[in-house]
Amino acid sequence: MTAPAAASSFKRQLVGRTVIELSRRGKYLRFELDNGSTLVIHLRMTGRLTAADHPIRKDLKKYLRLLLCFEDETCIAFNDARRFGKTFILKASEAEEYWEKMGPEPLDRSFNAARLKKILGKRNRPIKSFLLDQHMVAGIGNIYADEALYRARIHPTCPAYELSDDEIERLVGSIKTTLRSAIAHKGSSIDTYRDSEGKRGKFQDTFSVHRREGEPCPACGHIIEKIKAGGRGTYFCPACQKCD
DNA sequence: CGTTAGCCCTGCTGGC
DNA sequence: TGCCAGCAGGGCTAAC
């Protein structure tokens with residue numbers, strides 16, 4: 001379950017098991033086990049998974065939260081300085097209910113304008129806040145919401161239900177291209193994010209608006225502004241991004 | 001039901 | 001130079 005299990009109970013549920021499949025749903029990483037249960041890891045902002053040999057390197061002992069070691073003596077270290085990341089085990093009987101309450105995967109074929117329009121419905125909340133809600137669409141974080149809205153030329157505080165068909169079409173496209181580009185650049189290492197080999201991503205070098213307050217918009221030169229939307233720092237170009 | 005504020009957590013940044 | 005308040009944010013819960 002989502003409640004943090006005691007370490008001993010956690011260990012008992014994992015020791016001797018075999019990982020039979022790796023997958024992802026939204027921002028959750030899933031390690032499916034041979035007894036039908038699933039080890040789930042969410043990195044949040046500062047969590048890091050690193051491939052390591054046993055015994056693990058000294059630097060990986062700092063902020064170590066979970067260490068998975070396999071029969072061939074390879075390990076996966078989960079480190080998280082801020083302890084915001086989460087690990088939990090889902091029983092087979094709990095899994096379906098847990099995942100189905102999340103919104104669609106934005107990179108799925110089935111995520112198209114018609115689908116998004118249906119979810120937007122009559123919801124009266126800022127589109128930025130909507131995009132961050134994992135029950136609406138899964139997997140979009142603060143960086144990608146800002147960048148996708150910029151590419152779609154939509155103002156972050158625009159009410160969700162007010163988006164025109166053309167804006168919805170643009171937003172679906174911009175979400176997909178933003179996420180695909182971020183993946184191609186191996187993620188965003190603004191802060192502590194590193195891949196499983198400790199390498200930095202490069203997507204942050206391509207940001208158009210995120211964390212660029214006071215800098216010129218790459219398209220029109222207007223100064224990028226920062227506001228608070230959906231409780232998060234939100235960056236946008238006031239000239240390019242409007243509500244139709 | 002839909003929406004939002006507040007909370008968790010701690011390393012880092014900016015201001016003095 | 002050193003200190004420290006406040007920022008950063010994903011997801012859950014409480015509250016409206």
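A, B, ... follow the sequence lines: proteins, then strands. Residue 1 opens every chain.
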- Do the ring centers of A:Phe203 and A:Tyr144 come within less than 6.0 Å of each other? yes
- Message: Looking at A:Arg44 and C:dG11, is any side-chain donor or acceptor paired with a base atom of the opposite kind under 3.5 Å?
- Response: no
- Task: Mind calculating the distance between CZ (A:Phe88) and C1' (C:dG11) to the nearest angstrom?
- Result: 11 Å
- Atom CG of A:Leu43 to atom P of B:dC9: distance rounded to whole Å? 18 Å
- Is any side-chain N or O of A:His42 closer than 4.0 Å to OP1 or OP2 of C:dG10? no
- Message: Using a 4.0 Å heavy-atom cut-off, does A:Pro126 contact any base of the nucleic acid, only the sugar-phosphate backbone, or nothing at all?
- Response: sugar-phosphate
- If you take all heavy atoms of A:Gly233 and A:Asp146, which pair is closest and at what distance? O-OD2, 3.9 Å
- Message: Nearest to the A:Ser129 side chain among C:dG9, C:dC12, B:dT4, which nucleotide is it?
- Response: B:dT4
- Here the distance between atom C1' of B:dT4 and atom NZ of A:Lys228, to the nearest Å, is 14 Å
- Task: Measure from the side chain of A:His210, starting at C-beta and using heavy atoms only, and say which of C:dG11, C:dG9, B:dC9 lies closest.
- Result: C:dG9
- Task: Scan A:Asn124 against the nucleic acid and name what it touches under 4.0 Å (heavy atoms): base, sugar-phosphate only, or nothing.
- Result: sugar-phosphate
- Message: At less than 3.5 Å, do the side-chain atoms of A:Arg82 and the base atoms of C:dA8 form a donor-acceptor pair?
- Response: yes
- Rounded off to whole Å, could you give me the NZ-to-C1' distance for the A:Lys86 and C:dG11 pair? 9 Å
- Message: Let me spell it out: for each of A:Tyr28 and A:Gly231, pick the nucleotide of DNA chain C with the closest heavy atom. Which residue's pick is nearer the 5' end?
- Response: A:Gly231
- Going by atom types alone, do A:Ser37 and A:Asn35 pair a side-chain donor with an acceptor below 3.5 Å? yes
- Message: Measuring centre to centre across the rings, with the benzene-like ring taken for any Trp, is A:Tyr150 within less than 6.0 Å of A:Phe207?
- Response: no
- Message: On DNA chain B, compare the nucleotides closest to A:Ala81 and A:Arg125; which residue's is nearer the 5' end?
- Response: A:Arg125
- Task: For B:dG2, take OP1 and OP2 only and decide whether either is under 4.0 Å from a side-chain N or O of A:Tyr161.
- Result: no
- Write down the distance between CD1 (A:Ile140) and P (C:dG11), rounded to a whole number of angstrom. 11 Å
- Output yes when A:Asp165 and A:Lys117 qualify as a salt bridge under the 4.0 Å nitrogen-oxygen rule, no when they do not. yes
- Note on the structure: When rounded to whole Å, the CZ to C1' distance for the pair A:Arg232 and B:dT3 reads 15 Å
- Whole angstrom is fine here: how far is it from NE2 in A:His135 over to P in B:dG2? 12 Å
- Starting from P on B:dC7, measure out to CZ on A:Phe84 and report it in whole angstrom. 13 Å
